[in-house]
Amino acid sequence: ECGSDTVQHQITVLPPQVNAFFNIDNPMGCVPHTINLNQFSQGASFSSWDFGDGNISSVYNPSHTFTTPGTYIVSLFAAGCGFDTTTTIVTVHPLPQIDFTSLDSVCVNQGFIFNNLSSGIASISWDFGDGTTSTLTNPTHSYSSGGFYTVTLSGISQTYGCTTQTSKTIKVNQG
């Protein structure tokens with residue numbers, strides 16, 4: 001009357017089925033280099049990113065900007081009933097080093113030679129701030145009226161095609 005009964009059920013335990021996977025829009029670029037990541041992980045209820053530069057994110061599809069040249073390992077960690085990790089390499093190239101000498105002030109119609117101090121440059125462009133430009137390495141320029149002018153030197157590096165610019169303000173005196 002107070003007997004006992006036993007019931008058995010068979011269960012199947014499956015191995016973890018988490019697969020971490022993502023795409024990156026541009027794994028190589030110049031400082032500052034922004035990447036956009038698209039995650040396609042399967043079976044994950046949580047994911048986290050490590051950008052390899054000391055920054056992390058738990059955003060599902062993040063963007064990240066690298067501000068220092070170098071090679072970085074970007075990792076995606078995905079977890080659920082198990083876990084998986086996948087990585088890719090991002091290479092960030094340095095900007096060219098450009099600079100030039102100029103006077104703080106010159107007189108109207110006084111020719112001045114701008115000395116380009118840049119190195120490793122494939123192409124340069126000068127903007128003298130008065131509507132005139134030049135692609136000469138060390139151009140001579142004079143201003144026809146007084147005032148303040150911003151001179152900008154732009155350059156493209158020989159090795160990676162990175163572009164940057166630098167500017168200085170010059171005062172042009174009437175005479």
Side-chain angles (χ1 to χ4, degrees), residues 21-40 48-76 85-175:
F21 182 73
F22 68 93
N23 283 336
I24 184 171
D25 64 341
N26 193 358
M28 189 177 300
C30 302
V31 168
H33 180 57
T34 299
I35 59 171
N36 297 298
L37 301 157
N38 290 310
Q39 184 176 171
F40 300 100
S48 178
W49 298 89
D50 182 339
F51 300 109
D53 64 353
N55 291 293
I56 59 172
S57 175
S58 60
V59 173
Y60 193 78
N61 291 320
S63 293
H64 181 70
T65 301
F66 294 92
T67 58
T68 305
T71 301
Y72 302 94
I73 298 173
V74 175
S75 303
L76 169 62
T85 302
T86 187
T87 63
T88 193
I89 294 175
V90 174
T91 303
V92 182
H93 301 298
L95 296 177
Q97 297 298 313
I98 64 170
D99 196 10
F100 64 95
T101 59
S102 68
L103 296 175
D104 291 337
S105 65
V106 295
C107 292
V108 169
N109 297 320
Q110 174 187 1
F112 175 73
I113 298 174
F114 290 89
N115 290 311
N116 183 353
L117 304 175
S118 308
S119 62
I121 302 295
S123 173
I124 60 165
S125 175
W126 294 88
D127 181 339
F128 298 109
D130 63 353
T132 59
T133 60
S134 175
T135 56
L136 296 174
T137 302
N138 297 304
T140 299
H141 186 70
S142 61
Y143 293 90
S144 59
S145 61
F148 289 91
Y149 297 91
T150 301
V151 178
T152 302
L153 173 61
S154 301
I156 300 173
S157 68
Q158 290 175 340
T159 50
Y160 305 113
C162 298
T163 61
T164 193
Q165 64 184 27
T166 188
S167 298
K168 296 181 182 180
T169 301
I170 296 176
K171 180 181 178 187
V172 178
N173 300 310
Q174 279 300 106

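D127 CG to S167 OG: the interatomic distance, rounded to the nearest 0.5 Å, is 8.0 Å. Expressed to the nearest 0.5 Å, how far CG of N173 lies from CD1 of I170 amounts to 11.5 Å.
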Margin query: Run Q39 and W49 through side-chain contact (heavy atoms from CB on, under 4.5 Å) and show every step you take.
Written below: CA-CA 10 Å; Q39 184 176 171; W49 298 89; 4.0 Å; yes
Next item on the list: In sequence, state the C-alpha distance, the side-chain angles, and the governing distance for N26 and H33, and then conclude on side-chain hydrogen bond (donor to acceptor under 3.5 Å, both in side chains).
Entry: CA-CA 9 Å; N26 193 358; H33 180 57; 4.7 Å; no
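With Q174 contributing its side chain and G146 its backbone, the two residues share a donor-acceptor pair below 3.5 Å. Not a single donor-acceptor pair under 3.5 Å links the side chain of D25 to the backbone N or O of I35. Using modelled atom types, no side-chain atom of S63 and backbone atom of N36 make a donor-acceptor pair closer than 3.5 Å. With hydrogens and angles ignored, the 3.5 Å screen pairs no side-chain donor or acceptor of D50 with any backbone N or O of S75. Panel note: side chain W126, backbone V151; no donor-acceptor pair is recorded below 3.5 Å.
Judged by distance alone, the side chains of T68 and Y72 never bring a donor and an acceptor atom under 3.5 Å apart.
Counted within 6.0 Å of CD1 on I56, heavy atoms from surrounding residues, nucleotides or ligands total 12 or fewer; the atom is thus considered open.
By the ring-ring contact (aromatic ring centres under 6.0 Å, His included) test, H64 is found to be paired with F51, F66, residues two or more places apart in sequence or in another chain being considered.
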Return all side-chain donor-acceptor pairs below 3.5 angstrom for residues 85-109, not counting sequence neighbours, or 'none' if the list is empty.
{"unit_1": "D99", "atom_1": "OD1", "unit_2": "K168", "atom_2": "NZ", "d": "3.2"}
{"unit_1": "T101", "atom_1": "OG1", "unit_2": "N115", "atom_2": "ND2", "d": "3.4"}

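Between F22 and V74, the shortest heavy-atom distance links the atoms CZ-O, 4.0 Å.
Contact of the H141 side chain with the T132 side chain is registered, since non-hydrogen atoms from C-beta on lie closer than 4.5 Å.
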